[in-house]
Amino acid sequence: MSDQVSEHGNGGATEVQRASRVRIGLLGCGNVGAALVELIGREAAAIERRTGIRLEIARIAVRSMLKDRGIAVSESMFTTDAAAIVADPDIDLVVEVLGGIEPARSLIATALQAGKPVVTANKELLANVGTELAAVADDAGVDLLFEAAGAGGIPLMRPLRESLVGERVTRVMGIVNGTTNFILSQMSDHGTGYAEALAEAQSLGFAERDPTADVEGFDAGAKAAIIATVAFGCRVVAGDVYHEGISNISAADIAYARQMGYVIKLLAICEQFDDGSVAVRVHPTMVPVDHPLAGVAGSFNAVFVEGEAVGDLMFYGRGAGGAPTASAVLGDVIDAAQNLSQSTHGSLGTLSQCRVRSIDELSSAFYLNLEVSDEPGVLAAVAGIFGEHDVSIRSMEQEGLGAQARLVFITHEASESSVRSTLKALTALSAVQRVNSVLRVIGPDS
Ligand SMILES: NC(=O)c1ccc[n+]([C@@H]2O[C@H](COP(=O)([O-])OP(=O)(O)OC[C@H]3O[C@@H](n4cnc5c(N)ncnc54)[C@H](OP(=O)(O)O)[C@@H]3O)[C@@H](O)[C@H]2O)c1
């Protein structure tokens with residue numbers, strides 16, 4: 001980091017400003033990295049005027065030197081040797097947008113130990129070894145910032161760790177995966193089946209060729225672990241997160257949900273209980289149509305935060321995409337550069353080792369969709385099984401299907417274990433042909 005003197009004409013007078021030049025080593029130049037290069041190119045002068053920090057991308061690490069990245073930078077800035085960038089004494093700050101655990105983890109640790117602040121967007125890395133790297137950053141007295149890893153372009157990490165640091169946050173519920181929200185929105189708005197909606201998401205570039213990480217909830221689970229860690233100040237890793245994806249959601253589920261006043265969303269739900277324990281889960285959830293999360297459509301994301309003093313807050317925007325993610329990375333870069341110039345750094349603070357509850361210890365309302373023989377006494381027998389297992393029914397709908405009938409129930413809040421034993425008893429009943437689907441439901445009493 002070096003000081004630079006520049007002169008700005010101002011109606012005859014000349015203003016002399018001292019700017020701190022910060023040379024950035026960029027690890028990765030894919031969707032996010034290339035968008036960051038463009039954004040810094042466009043905004044560097046305005047950033048310098050506002051902050052006194054002159055940002056310069058000095059070197060860029062990539063895997064292939066042959067790709068055309070569509071950005072106007074000299075070829076000589078590129079290298080395949082990411083470690084050399086981290087070790088370069090002329091690099092002040094490192095941005096990691098490679099993805100994956102290694103070599104990102106080792107490169108970040110080395111940069112931090114050398115006193116270089118690091119900004120990363122790497123969800124997978126942070127959800128697995130984020131607290132380990134945060135400790136390395138604290139020991140070295142430099143920043144490790146990761147706004148983009150929580151909810152992409154939506155500012156969430158900074159509000160949670162700064163604005164809400166004194167707040168008792170009880171629950172954070174988020175639509176944090178644009179691919180699955182796009183698929184569910186298509187199914188809901190156009191009555192399309194899951195496979196058709198997924199194919200459309202793939203053709204529009206909203207879903208990868210292998211969509212597993214998105215549709216099975218792994219991506220949302222990684223974000224949920226990061227969000228819970230920051231919101232509750234305790235260590236939660238990806239392996240602590242229960243997750244179910246959306247691949248079993250049918251057009252019929254969506255239609256029934258709508259009929260009953262709900263939409264189906266893949267939610268990441270992070271909760272903290274009075275005893276200090278937490279629960280973090282990702283699953284398709286029926287959300288009442290009048291809940292603020294219900295209206296979040298297409299590839300948009302939103303995070304709903306509930307705090308004891310502040311009440312309800314919602315953060316909405318683009319959770320992914322090169323430019324929105326680069327915007328969050330750039331905010332962190334400026335923050336880290338300012339801290340560096342003042343020889344200070346931010347910290348996640350002391351993280352507690354809280355107990356993470358298993359899914360079996362949780363409760364919620366449930367939606368159950370069953371096919372039964374259309375015979376006298378079947379409804380009473382089914383309702384009896386709910387009662388025997390302490391699961392009380394809030395509403396029920398019945399539809400004739402020839403010799404069979406479809407029964408759709410919404411329960412009051414019930415424990416996961418009670419619902420599991422109810423399902424076991426129901427499937428043992430000869431009149432129950434099949435259990436089509438079981439979904440968790442939020443509101444009004446959960
Ligand atoms: N895309 C988003 O919307 C989004 C949103 C939030 C967070 N993120 C996170 O941001 C990170 C980057 O995402 P992305 O979408 O930009 O990924 P990407 O398009 O796959 O880009 C990854 C970049 O890293 C380079 N790279 C990978 N391994 C390398 C290695 N060992 N040495 C040198 N270069 C290497 C690749 O080089 P080549 O180009 O030569 O292959 C590529 O330029 C990920 O952690 C992701 O989870 C992304």
Side-chain angles (χ1 to χ4, degrees), residues 25-39 57 59-71 73 75 77-87 94-108 110-111 118-130 133 144-157 174 176-182 201 204-214 218-227 238 268 299-301 303 317-333:
L26 177 60
L27 310 184
C29 195
N31 294 315
V32 181
L36 182 69
V37 172
E38 282 197 315
L39 193 54
I57 304 257
R59 297 181 72 185
I60 304 175
V62 290
R63 236 175 341 212
S64 159
M65 297 290 278
L66 302 175
K67 274 189 199 167
D68 175 9
R69 299 171 193 279
I71 46 171
V73 286
E75 269 182 35
M77 281 167 66
F78 288 96
T79 174
T80 54
D81 189 352
I85 295 187
V86 169
V94 170
V95 173
E96 184 276 311
V97 281
L98 303 168
I101 306 278
E102 286 294 354
R105 174 194 194 160
S106 310
L107 291 165
I108 291 176
T110 306
V118 175
V119 175
T120 176
N122 192 332
K123 308 158 250 186
E124 189 188 352
L125 177 76
L126 290 164
N128 285 286
V129 294
L133 290 171
L144 171 65
L145 298 179
F146 49 87
E147 181 62 75
I154 304 173
L156 182 66
M157 297 293 100
V176 291
N177 182 273
T179 306
T180 45
N181 204 47
F182 176 84
L204 291 170
F206 290 134
E208 304 277 341
R209 196 184 296 266
D210 175 0
T212 312
D214 291 318
F218 291 101
D219 175 76
K223 291 171 185 167
I226 298 168
I227 292 170
S299 60
F300 274 90
N301 284 194
V303 181
R318 290 272 177 215
T325 309
S327 164
V329 171
L330 180 54
D332 278 352
V333 166

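Counting starts at 1 for both ligands and their atoms, following the listed order.
- When heavy-atom distances to ligand 1 are checked against a 4.0 Å cut-off, Asn122 comes that close through both its backbone and its side chain.
- The protein does not reach atom 20 (O) of ligand 1 closely, with no heavy atom under 4.0 angstrom from it.
- At a heavy-atom distance under 4.0 Å, only backbone atoms of Ala148 (N, CA, C or O) approach ligand 1.
- Within ligand 1, the atoms closer than 4.0 Å to a non-hydrogen atom of Ala320 are 3 (O), numbered from 1 in the order shown.
- Relative to the ring axis of Phe78, Arg59 does not place its NZ or CZ within 45° and under 6.0 Å from the centre.
- Between Gly30 and ligand 1, an N or O atom pair is found at a separation short of 3.5 Å.
- The closest side-chain donor-acceptor pair between Asp210 and Thr212 falls under 3.5 angstrom.
- Among protein heavy atoms, atom 28 (N) of ligand 1 sits closest to Arg63 NH1, 3.7 Å.
- Geometrically, ligand 1 and Cys29 share a nitrogen or oxygen pair separated by less than 3.5 Å.
- Per-atom contact check: atom 31 (N) of ligand 1 touches the protein, criterion being a heavy-atom distance below 4.0 Å.
- Residue-ligand proximity, Ser64 to ligand 1, at heavy-atom distances under 4.0 Å covers atoms 40 (O).
- Between Ile71 and Cys29, the closest side-chain pair of non-hydrogen atoms falls below 4.5 Å.
- Residue contact annotation: Glu124 has no non-hydrogen atom under 4.0 Å from ligand 1.
- At a threshold of 4.5 Å between non-hydrogen side-chain atoms, the residues Glu96 and Leu26 do not count as touching.
- Taking only nitrogen or oxygen atoms, main chain and side chain alike, Gly321 reaches within less than 3.5 Å of ligand 1.
- Annotation: side chain of Leu330 is in contact with side chain of Leu36 (closest heavy-atom distance under 4.5 Å).
- Not a single N or O atom of Ala82, backbone or side chain, sits closer than 3.5 Å to an N or O atom of ligand 1.
- Between Leu107 and the choices Ile85, Leu98, Thr120, the side-chain contact (heavy atoms from CB on, under 4.5 Å) rule is met once, by Leu98.
- At least one N or O atom of Lys67 sits closer than 3.5 Å to an N or O atom of ligand 1.
- The backbone N or O of Phe300 lies less than 3.5 Å from a partner atom in the side chain of Asn181, making a donor-acceptor pair.
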